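All values below were derived from every heavy atom in this structure, side-chain atoms included, with hydrogens, water molecules and symmetry-related copies excluded. Here the structure is a predicted model, which means the values were calculated and not measured. Just so it is clear: chains get the letters A, B, ... in the order the sequence lines come, proteins before strands, and each one is counted from 1.
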Amino acid sequence: MALPQAKQDATEARLDALSLPEGGWSAPARNEALARLRAMGLPGARDEYWKYTRPDTFNSVEVPEAALFEAEETPVFGERGALRIVFVDGVFDAEASDELSLEGVSIDRLADAPDIHWARDIYGVLEARGQSPVQRPLAALNTAFATDGVLIHVTGTPSRPIQLVYHHRDTRSDAILHHVVKVDAGAKATILETGPAAARFNKCMEVEIADAGTLHHIRAQGRDHERRAATHVFARLGRESVFKTFTLTVNGVLTRNECVIELTGDDAVAHVAGACMGDGDFHHDDTVFITHDAVNCESRQVFKKVLRNGAKGVFQGKILVQPGAQQTDGYQISQSLLLDDDSEFLAKPELEIYADDVACSHGSTSGAIDEDSLFYLRARGIPRGPAEDLMTIAFIAEAVQEVEDEDLQEEIVARVAAWLERRRG
Amino acid sequence: MLEIKNLHVKLEEEDKAILKGVDLTVEAGKVHAIMGPNGSGKSTLSYVLSGRDGYEVTDGSAELLGEDLLELEPEERAAAGLFLAFQYPIEIPGVGNMTFLRTAVNAQRKARGQEEMSSADFLKEIRAKAKELKIDADMLKRPVNVGFSGGEKKRNEILQMAMLAPKMCILDETDSGLDVDAMKLVADGVNALRDEGRGFLVITHYQRLLDHIKPDVVHIMSEGRIIKTGGPELALEVENEGYAHLKAEEA
Ligand SMILES: Nc1ncnc2c1ncn2[C@@H]1O[C@H](COP(=O)(O)OP(=O)(O)OP(=O)(O)O)[C@@H](O)[C@H]1O
Ligand SMILES: [Mg+2]
């Protein structure tokens, strides 16, 4: 079907301003992604999953300016002893990075493209699978034009996490990064992702987990206020594998995090969780699609949004249970805590089930801090501000508890507490 | 200790007077009990004293140790030494009981210009006090009152009171929902806190609690006013004869 003219024009204008990296093993995948993108066009306000979030600034040729944000504080997840891979405005910084060697894992750069690489079987492949039934044009754009990224092959159980550290140094940087993670059977790793990446950031991560493999992914977006980020995670899970991804988002004018997971092996487990804190000019969108296509798999989606001063939160989450995916255990909760009347939360929870022996539950709520609870805390001597903070942290607890590592949980809570405290002045 | 004079209170949202001139003084070292029919305004009195929203004081005053309570925020009243054991303790999912109590203890200390209590001291004290009230360590770790039985919630209120060591303790039907043994535990908890410098106002429907916590003075509240004040024998009179004759006497 032909694209509407306006959409086609916008798409071609953007494509004109980009150049396709040439050569290497990824070239065919990039060309296919470009063709996909041309066929579907960039996202538009009429697209079913772009009703609540305006895609304009993700699409525009011109990069909206974003002030730099250098918080004078300890680096996020800085105490984890991780192997650090640093990108500045989307460009790999070898000097700031650790040596890319660690037992149990092999790490390469996407930009160092030899002619043959294992990532070829995954790069653009999971993204392409994730284009149906819902189109994700920004991900296709990413596959085609990504300038760099890391290719992580987990073969054992590395002793340290791998941390992707982003820095934003140029007020008009436009970064497109694409990471590929392959976890072998029985292997296990943790990937951390932190920091403001660019003025505009388009990031894609494809994750393939073989039987009984485990990947934990914990990400902290922020605290840059003018960030525009569109990110995608595409994951395919084998038998008895585990994938847990958690995202903490603070600030950012526009963030869209999509997560597309396919449970293709029996007894696999996928948890997607997020907590976001927004104040004022803030728009945060979590769009999740989980497909159960095997027996006895478990999936959880836990999203909590704290919104104040007119901040806006969006959740679009779907569980699709394919025929034959019996004993599916699917859970989805999306909640917002509105700290004032100006803030807004829009939720679109969806279940589509084609198997009969299935337990799926979903819920979505939006509300203010409970006055009775607040009074109870105050009656015990806790002043209003700290009492509200306690309640707010309690509100996001269910999401934060999806992070298995308790030290990380504590750090996340401490950062949220600091964010709340700064707002109380 | 606590001096309430001619207190008139109406609901903020509607024109409904609930307290219609309450006069009540609790001296340091004394235990006063309030009894009275359902809906007579006992809980309202306790909420107004502790600063809950939704009520408007139209006349009268309430002072704690000479300080005007009605001017203070709820947390300031707590720091000044007021404590209310709630008739219906609130469940707060996500806030650990221990975190909650430690935050409360230290917030009160901070407000009074005292040093914060160290984690170690706090732990030692709370463990000892929880043990006396037969509250197991597991309950301390759970979120505030979540999944607690009715009786456990009431014991948790007393634990909070013991940890905060307030000067003026108001207990709103802390005995309701307690089994005989738990009632004894709660009474022991209260009795352990009785001393020269502390006042108690115990709201109850039953003589049974007052067998354990012997009151010095008993008040009867009806339709927003104290209609009779007497000694412990007044509670027995209510137990045997109900409120009808007292109301008639008053009229
Ligand atoms: N927020 C409110 N909205 C409407 N009515 C209220 C409110 N608070 C109190 N009341 C009314 O005020 C009256 C006194 O209530 P209160 O809870 O103080 O009674 P009580 O003496 O504690 O009763 P009980 O023995 O049943 O606990 C009741 O008629 C009650 O319905
Ligand atoms: Mg009552």
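Counting heavy-atom pairs closer than 4.5 Å to chain A, the top-ranked of the candidates B:S50, B:G94, B:P74 is B:P74. Between chain B and the residues A:L374, A:L377, A:D370, the largest count of heavy-atom pairs under 4.5 Å involves A:L377. For chain A, the option among B:L84, B:D53, B:I90 with the highest count of heavy-atom pairs below 4.5 Å is B:I90.
Looking only at distances, no side-chain donor or acceptor of B:E75 sits under 3.5 Å from a matching main-chain atom of A:A379.
Contact annotation for B:V144: only side-chain heavy atoms (C-beta onward) come within less than 4.5 Å of a heavy atom of chain A. Residue B:P89 touches chain A through both its backbone and its side chain, counting heavy-atom pairs closer than 4.5 Å. Heavy atoms closer than 4.5 Å to chain A are found nowhere in B:E76, neither backbone nor side chain.
Rounding to the nearest 0.5 angstrom, the gap separating the CD atom in B:Q108 from the CD1 atom in A:I382 is 9.0 Å. Distance check: B:F86 CZ to A:D372 CG gives 8.5 Å after rounding to the nearest 0.5 Å. Taking CE of B:M161 as the start and CZ of A:R380 as the end, the distance is 10.0 Å to the nearest 0.5 Å.
Salt-bridge formation is not detected for the pair A:E371/B:R52: no Lys NZ or Arg NE/NH1/NH2 atom is positioned less than 4.0 Å from an Asp or Glu carboxylate oxygen.
Open room surrounds CD on B:E115; 12 or fewer heavy atoms of other groups in view lie less than 6.0 Å from it. Within 6.0 Å of CD on B:E27 lie more than 12 heavy atoms contributed by other residues, nucleotides or ligands. For B:E13, the CD atom is loosely surrounded, since the number of other residues' heavy atoms within 6.0 Å does not exceed 12. Under a cut-off of 6.0 angstrom, the local environment of NZ in B:K30 is sparse, with at most 12 non-hydrogen atoms contributed by other residues, nucleotides or ligands.
Checked against a 6.0 Å centroid threshold, the rings of A:Y376 and B:F100 count as neighbours.
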*For B:E73 and A:R384, what are the C-alpha separation, side-chain angles and deciding distance, and is it a salt bridge (charged side-chain N to carboxylate O under 4.0 Å, His left out)?*
CA-CA 9 Å; B:E73 296 293 333; A:R384 177 184 276 276; 5.8 Å; no

